[in-house]
Amino acid sequence: MAGVLVYIETDKDRVAPISFELLGLARQLTEQLGGSVEALVAAADPEPLVAELAGADVVVSVQSPALAAYTPEAHQAVLVEAIRSREPQAVLVGYTSAGLDLAAGSATATDRPVVGYCVGLAVDQGELVADSQLYGGKLVATTRTRPPAVFSVVSGSFPEAAGRSGGRGERVVMDPPDALNHLRTRLVGTSSGGDGAIDITKAERIVSVGRGIGGPDNIEVAEEFAAALGAELGASRPVVDSGWLPKERQVGKSGMTVKPKLYVAVGISGAPEHLEGMQGAGLIIAINTDPNAPIFQVAGYGTTCDLFDLLPALSEQLKAAG
Amino acid sequence: MHIAVILKQVPDLVEEVEVDASGAGIDRDSVKWKLNEFDDHALEQAVLIKESTGGEVTALALDGDGVDQLLYAALARGADRALKVPTSDERTDAPRIAAALAPVLREMAPDLVLTGVQAADDLHGQLGPILATSLDWPHVSVVSGVEVSGAAVQVQQEYSGGRMATLEVQLPAVLGVQAATRPPRYVPISRLRQIMASAQIGEAAAAGEAAALGSTVTRLAPPAQGAGAQMWEGKPEEIAQQLLDVLRERGLLGA
Ligand SMILES: Cc1cc2nc3c(=O)[nH]c(=O)nc-3n(C[C@H](O)[C@H](O)[C@H](O)COP(=O)(O)OP(=O)(O)OC[C@H]3O[C@@H](n4cnc5c(N)ncnc54)[C@H](O)[C@@H]3O)c2cc1C
Ligand SMILES: Nc1ncnc2c1ncn2[C@@H]1O[C@H](COP(=O)(O)O)[C@@H](O)[C@H]1O
């Protein structure tokens, strides 16, 4: 029995941090499930990635020009093939864009159950017990699943260090599946987004606005506070999707990951996809009228004061202090 | 170009979501339901494609409370047809919903299926990839922006750190929409009234048995409170002062 298989993701041609988290988690799980920690690398040139995977007992690699860039179709074909041949008790995929593509599809193709949004995963009496964040982080669901199964795991849930070493480092080279010869999905191009004029990842202080700001005309209130504080303006996804602020200012899963000394979240609920991008900030202050908003779980300080009352008061006092 | 867009109602998270007496589900009567935000974008994207390249849009939803209202709203927004899919059981999770929808879509044979990228109340995977895998069509999730080019679509897929890829996908295909090319449009209530008075909602053939999920929810609860935030209370001026005092103490004020 093969133990636990981790789908390895890359970020700028290096193994992505989430993959080390998953390898560390896989190590914990195999202690009870038995078997090996296996890592699946799908790439045009797997070798540099394989070299980073000292945390795996077995590195399964698939090499093909069709894997030069990530596409959901090619990577699903490889993952499905690997699950069929390695028969892992658990498959771990990050809850990333790739994870959103691959976890459920490969589970369906291999007739396994899938559990998403996991922030905790352990073995109990031969079953896999997962904690998943639902309803924008307002509730946590505990599930029991009989292996074999597939799990997608929220990044930031497990330590990376545990996945960086301690593996046996065996190699298995897998043939590219035939499906790679009939792909219907093709990469046309990539972009890193924005023209570099705004880079919030370098800011020491960020005032970030969420949907609670209500509309484009109200952005000004936050802008004024940010200016008085000497902070950059950040935003949650809905604010960007509504066109109130540019994409370069988006913080979170599909935006920027920021680690400022100070992060003031204004009218942001604190959905897991937002927290992913800012929970490493030095000091988090949350302004949100809903006392149950998940943002208060990661904030050091908070208030349920209405942002439209508080921000002007803040700007005024800052200006008065000069 | 025939586009099917699949719509779901989810609890409005601005209101409280309460756990029911079983401790493993939500109290469905106490929540306020609304169209899943990402489905709103999927619907908008479908209508935008129709407006730019022609074609027709069919809105689909599982039958249930409030579904007529949901589908009328989709018609008012520009869908050409609305179809509800009856199920005998309460299906809330993607694998079981896919089992109901896959046969309907196979028969309907649209060129493109759009879903929302995710629904925050469903932990058993994503409907789009499950449907696509069952139908053996390609799929892409986390899509923002779709353009038709011949027998294919070009889509933007988003990754972390602001990275993006343009992918070309042959049709038929399934896309999980994160954001439409433009924000969803507003429809005046008069238009909705007019649609409700004139339009018809169709009904698909009943779905087969739902597959078992293979995974059981044993508990649903608010997250364990960690240290939590220290909360400031009082008048706005007082809170502002406390906030700035903390920043001053920590050396976070000034250049
Ligand atoms: C694949 C994927 C990727 C995603 N990527 C991102 C991402 O990169 N970044 C991101 O942010 N989201 C992302 N999301 C979306 C995420 O799930 C949430 O929908 C989003 O973060 C919610 O934004 P919000 O907190 O601004 O809005 P809401 O959740 O609507 O919260 C608004 C908050 O404002 C408060 N409020 C309202 N009025 C006031 C007032 N007057 N004063 C004070 N408070 C007030 C409310 O109590 C509420 O808590 C992603 C989702 C998916 C599926
Ligand atoms: N019960 C349902 N009825 C209709 N559409 C659904 C249902 N469940 C999921 N969907 C669609 O699938 C998308 C992704 O949801 P999910 O995969 O459940 O996270 C939603 O945004 C909807 O477009």
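Chain letters run A, B, ... following the sequence lines, proteins first, then strands; residues in each count from 1. In what follows, every heavy atom counts, from backbone to side chain, and hydrogens, waters and symmetry copies are set aside.
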Flag yes if more than 12 heavy atoms outside [X] fall under 6.0 Å of its [atom1] atom; otherwise flag no.
| X | atom1 | value |
| --- | --- | --- |
| A:K261 | NZ | no |
| A:D124 | CG | yes |
| A:R146 | CZ | no |

Between [options], who has the most heavy-atom pairs with chain B when the cutoff is under 4.5 Å?
| options | result |
| --- | --- |
| A:T71, A:T190, A:L314 | A:L314 |
| A:K138, A:K253, A:R112 | A:K138 |
| A:R237, A:E316, A:K247 | A:R237 |
| A:V80, A:L102, A:T96, A:T108 | A:T108 |
| A:N292, A:T257, A:D290 | A:N292 |

Pick one of side chain, backbone, both or neither for [X], based on which atoms fall under 4.5 Å of a heavy atom in chain A.
| X | value |
| --- | --- |
| B:E18 | neither |
| B:E233 | neither |
| B:D93 | neither |
| B:A173 | neither |
| B:P11 | side chain |

What is the distance from atom [atom1] of [X] to atom [atom2] of [Y], rounded to the nearest 0.5 Å?
| X | Y | atom1 | atom2 | value |
| --- | --- | --- | --- | --- |
| B:Q178 | A:D241 | CD | CG | 6.5 Å |
| A:S191 | B:Q156 | OG | CD | 7.5 Å |
| B:T166 | A:R186 | OG1 | CZ | 10.5 Å |
| A:L134 | B:L13 | CG | CG | 10.0 Å |
| A:T303 | B:E238 | OG1 | CD | 11.0 Å |
| A:M256 | B:S160 | CE | OG | 9.5 Å |

How about [X] and [Y]: do any of their side-chain heavy atoms sit closer than 4.5 Å?
| X | Y | answer |
| --- | --- | --- |
| A:P238 | B:E37 | yes |
| A:L100 | B:V117 | yes |
| B:M231 | A:Y301 | no |
| A:Y135 | B:I26 | yes |
| A:V188 | B:L167 | no |
| A:L229 | B:L247 | yes |
| B:V17 | A:L139 | yes |

Distance alone, cut at 3.5 Å: any donor-acceptor contact between the side chains of [X] and [Y]?
| X | Y | answer |
| --- | --- | --- |
| A:Q250 | B:E158 | no |
| B:T133 | A:Q76 | yes |
| A:D101 | B:Q157 | yes |

Is [X] close to chain B through its backbone or its side chain, or both, or neither, when contacts mean heavy atoms under 4.5 Å?
| X | answer |
| --- | --- |
| A:A103 | neither |
| A:R144 | both |
| A:Y117 | side chain |
| A:E9 | neither |
| A:S106 | neither |
| A:I285 | side chain |
| A:Q133 | neither |
| A:L318 | both |
| A:Y95 | side chain |

Between chain A and each of [options], count heavy-atom pairs under 4.5 Å; write down the option with the most.
| options | result |
| --- | --- |
| B:D122, B:L131, B:L171 | B:D122 |
| B:E237, B:K235, B:R182 | B:E237 |
| B:V246, B:T216, B:V19 | B:T216 |
| B:Q241, B:H41, B:Q242 | B:Q241 |
| B:S141, B:A152, B:G125, B:A132 | B:S141 |
| B:P129, B:A240, B:A98 | B:A240 |

Mind telling me whether B:Y159 and A:Y70 have parallel, tilted or perpendicular rings, with 30° and 60° as the class edges?
perpendicular
Checking the side chain of A:S97 only, and the main-chain atoms of B:V142 only, is there a donor and an acceptor separated by less than 3.5 Å?
no
Going through the distances and angles, do A:V114 and B:Q126 end up as a side-chain contact (heavy atoms from CB on, under 4.5 Å)?
CA-CA 9 Å; A:V114 55; B:Q126 260 54 58; over 6 Å; no
Please name the pair of heavy atoms, one in [X] and one in [Y], separated by the smallest distance, quoted to 0.1 Å.
| X | Y | value |
| --- | --- | --- |
| B:L244 | A:Q317 | CD1-CB, 3.7 Å |
| A:T143 | B:H124 | CG2-NE2, 4.3 Å |
| A:T10 | B:R163 | O-NH2, 4.5 Å |

Ion pair check, A:R184 and B:D136, cut-off under 4.0 Å
yes
Do A:D131 and B:R219 meet the salt-bridge criterion of a basic N to acidic O distance under 4.0 Å?
no
From CA spacing to verdict: side-chain contact (heavy atoms from CB on, under 4.5 Å), B:Q170, A:E73
CA-CA 11 Å; B:Q170 279 163 40; A:E73 191 181 13; over 6 Å; no
Can you list the steps and then say if A:T142 with B:V217 is a side-chain contact (heavy atoms from CB on, under 4.5 Å)?
CA-CA 6 Å; A:T142 306; B:V217 180; over 6 Å; no
